[in-house]
S.K.: 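Input: one structure, supplied below.
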Amino acid sequence: MPGTVLLLAASPVGRGRLVDAASVLPVLAAVPPAVLAGTDTANVVELADPLEPQAVLTRLRAAATAPGPLTLFVTGQLQLDRRQRLPHLALARTTPATVRYTGLPWHWLREELRLRPPGSTTLVADLHADAESWAWLGANPLDCGRTTAVYGRIAPPRGRRTVAAPTYMKAVATILRSGSRPAVDQLHQAAVTRVAAEGEVGDLLLPQHLVPAQQQWPVPAPAGTGQQPVVAPGGAFVQPPPLPAPAGGAEPVAVAGAPAAVPAARPSAPGASPDPHTAISAAVKDGRHREADDLAAQWERQARDTHGDGSDQALHWAEVRADLAMFAGDAERSCRTWLTVAEARLAAGQPADAPAVEAAVDRAHHQWGRIGDPARARELGAALAELRRRVPGRREGALDDVRGRLRDLQTQV
């Protein structure tokens, strides 16, 4: 099956630039697509210093929904928004004051990758952090999703008025240009060796978000699990050793480079599999959409009975079902479910600009645009317009877009 490769290099124009991210793209672009992907054939999408976060999201979403292995090469710099203190990948127009609107929120990347089948997604990253982001990383792992194998580094600020080079990613590209495609863990270690030889030390692991052993399903991985960055001798950045899967149905931890095993049996009830997400992903991949939704619905009911209707656990499974409806081509059901999730989060006291609330409304809006039945679209459009008044999101004109389409729908039978 063909692979997909996304090359993303982004950094601000002007004094806020910490790294010359785009300088690595000519080297990466010279590598044959099949070598970049580690597959017989591959499609490559290149984004050099993009301006708009929504444009990046569109390309990311298309890559995440493509069948086959997905490899992302991300080079750039991390900045925190001043309001919510959340990490963003700075884009060309990003400044410290505008990062919330001009940067790519890191959780967008995580959300787009979260339902990909385990073992099918690899992220190779060379990131540079400003002072605030570097301090934030001391207490917070950069969440890349449960099923994404992560390799790379996060480099500390190199000093004022110093624009760094993406030496880790250039080392990766140089190795791949030889024409050979070592296993990703071997590629990573070879690049680490080259960077260490150039005297760069102090870089942090870009960790995979691990679930603490004491947590049992169906609890989603929380922010800040306490997994600390690991710095190997010479400043190397490596994945932590795998944690054993605990008894009692807790989540097995995916390790970078190690394919996740899919249970041989298809569970029919909660508790039948140590990781229901694995079985659900396998069902979607096989086209068994009804079976995937039935399994997620069972976990949602159990979460509601155990933790309450508005709990994070129950809302997590509602979000999974919204995505499953999208994969099944049922835009109406997906939109309706995302609207319900957004309303539930607001009712639970989450602010209108909370990432989870904005994401739910944005996804509802996206699915609403794909509903072909005018009557159904009018019905859900009214609810979406009301919600958009409370949650305008980061994209300018979102409410006007809903109102405009509703006017068009009034003329359709």
Side-chain angles (χ1 to χ4, degrees), residues 4-14 16-26 28-29 33 36 42-66 70-81 84 86-116 121 123-127 144-145 148 166 169 323 326 331 338 353 355 358-370 388 391-402 404-405:
T4 300
V5 176
L6 178 63
L7 308 179
L8 172 57
S11 54
V13 175
R17 174 171 291 197
L18 301 179
V19 57
D20 185 9
S23 65
V24 75
L25 286 178
L28 282 171
L36 285 173
N43 300 312
V44 178
V45 178
E46 178 179 315
L47 295 174
D49 281 332
L51 301 176
E52 300 292 341
Q54 287 291 340
V56 179
L57 178 62
T58 298
R59 296 297 184 88
L60 175 62
R61 181 169 292 158
T65 56
L70 170 63
T71 306
L72 302 98
F73 294 89
V74 179
T75 308
Q77 67 188 59
L78 293 174
Q79 292 181 214
L80 300 182
D81 73 277
Q84 293 180 300
L86 294 175
H88 291 61
L89 185 69
L91 302 183
R93 294 175 177 170
T94 299
T95 67
T98 66
V99 62
R100 174 172 165 77
Y101 301 101
T102 60
L104 180 75
W106 191 262
H107 63 266
W108 284 11
L109 183 145
R110 179 198 66 217
E111 286 295 310
E112 293 305 320
L113 301 180
R114 68 191 177 105
L115 273 189
R116 284 189 56 80
T121 311
L123 170 65
V124 181
D126 189 347
L127 302 173
C144 303
T148 301
M169 194 65 77
D323 277 339
M326 176 191 69
W338 280 119
D353 61 354
E358 287 186 340
V361 180
D362 287 346
R363 287 170 180 264
H365 193 156
H366 180 261
Q367 290 299 296
W368 178 67
R370 298 190 171 193
R388 268 299 184 206
V391 187
R394 304 191 185 199
R395 186 174 183 179
E396 293 184 7
L399 178 57
D400 290 340
D401 177 74
V402 177
R405 184 169 182 235

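These values consider heavy atoms only, across backbone and side chains, with no hydrogens, waters or symmetry-generated copies. On a predicted model such as this, the values are computed, not experimentally measured, just so you know.
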S.K.: State, to 0.1 Å, how close Ala21 and Ala9 come at their nearest heavy-atom pair, and which atoms those are.
M.R.: O-CB, 3.6 Å

S.K.: May I ask you to test the Pro355-Trp108 pair for a side-chain heavy-atom distance under 4.5 Å?
M.R.: no

S.K.: Less than 4.5 Å apart, side chain to side chain, heavy atoms only: is that true for Asp126 and Val24?
M.R.: no

S.K.: Looking only at heavy atoms, what is the nearest atom pair of Ser23 and Pro26, with distance?
M.R.: O-CD, 3.4 Å

S.K.: Rounded to the nearest 0.5 Å, what's the gap from CD on Glu52 to CG on Leu104? Could you check?
M.R.: 11.5 Å

S.K.: Does atom CZ of Arg370 have more than 12 heavy-atom neighbours from other groups under 6.0 Å away?
M.R.: no

S.K.: With rounding to the nearest 0.5 angstrom, report the CZ to OG distance, Arg17 to Ser11.
M.R.: 3.5 Å

S.K.: What I'd like to find out is whether the side chain of Val56 reaches to under 4.5 Å of the side chain of Leu47, using heavy atoms alone.
M.R.: yes

S.K.: Is the shortest side-chain heavy-atom distance between His88 and Asp81 below 4.5 Å?
M.R.: yes

S.K.: The criterion is side-chain contact (heavy atoms from CB on, under 4.5 Å); which residues satisfy it with Arg363, sequence neighbours excluded?
M.R.: Glu111, Glu112, Asp323, Trp338

S.K.: Could you pull out the closest heavy-atom pair between Leu51 and Arg93, with the gap in Å?
M.R.: CD1-NH2, 3.5 Å

S.K.: Would you call Leu28 and Phe73 a side-chain contact if the rule is heavy atoms closer than 4.5 Å?
M.R.: yes

S.K.: Look at Glu358 together with Arg100 and state whether they make a salt bridge at an N to O cut-off of under 4.0 Å.
M.R.: yes

S.K.: Please give me the minimum heavy-atom distance between Pro33 and Ala42, naming the atom from each residue.
M.R.: O-CB, 3.5 Å

S.K.: Nearest 0.5 Å please: distance from the NE2 atom of His365 over to the CG atom of Leu399.
M.R.: 9.0 Å

S.K.: Can a donor-acceptor pair be found, under 3.5 Å and without considering hydrogens, that links the side chain of Thr98 to the backbone of Thr94?
M.R.: no

S.K.: Do Leu91 and Pro53 come close enough that some side-chain heavy atom pair is under 4.5 Å?
M.R.: yes

S.K.: Checking Gln77 side chain against Ala90 main chain: does a donor-acceptor pair fall under 3.5 Å?
M.R.: no

S.K.: Quick one: CG on Leu6 to CG on Leu123, what's the gap to the nearest 0.5 Å?
M.R.: 10.0 Å

S.K.: Are Val5 and Leu7 close enough that some pair of their side-chain heavy atoms sits under 4.5 Å apart?
M.R.: yes

S.K.: To the nearest 0.5 Å, what is the distance between CG (Asp362) and CG (Leu57)?
M.R.: 8.0 Å

S.K.: Would you tell me whether Thr121 and Arg116 have side-chain atoms, one donor and one acceptor, within less than 3.5 Å of each other?
M.R.: yes

S.K.: Report the residue from Leu89, Val45, Thr75, Leu72 that forms a side-chain contact (heavy atoms from CB on, under 4.5 Å) with Leu8.
M.R.: Leu89

S.K.: So that I can tick it off, tell me whether Asp400 and Arg388 are bridged by a salt bridge, with the cut-off set at under 4.0 angstrom between side-chain N and carboxylate O.
M.R.: no

S.K.: Taking C-beta and beyond as the side chain, do Thr95 and Thr102 meet within less than 4.5 Å on heavy atoms?
M.R.: no

S.K.: Is there a side chain to side chain contact (heavy atoms under 4.5 Å, CB included) between Val74 and Leu127 once you walk through the steps?
M.R.: CA-CA 8 Å; Val74 179; Leu127 302 173; 4.3 Å; yes

S.K.: Of all residues at least two apart in sequence or in a different chain, which pass the side chain to side chain donor-acceptor pair (under 3.5 Å) check with Asp353?
M.R.: Arg83

S.K.: Please report the shortest heavy-atom distance between Leu70 and Ala64, naming the atom on each side.
M.R.: CD2-CA, 4.0 Å

S.K.: Determine, for Trp368 and Arg405, whether the Lys NZ or Arg CZ falls below 6.0 Å from the six-membered ring centre while staying within 45 degrees of the axis.
M.R.: yes

S.K.: Glu46: which residues meet the salt bridge (Lys or Arg N to Asp or Glu O under 4.0 Å) condition with it, sequence neighbours left out?
M.R.: none

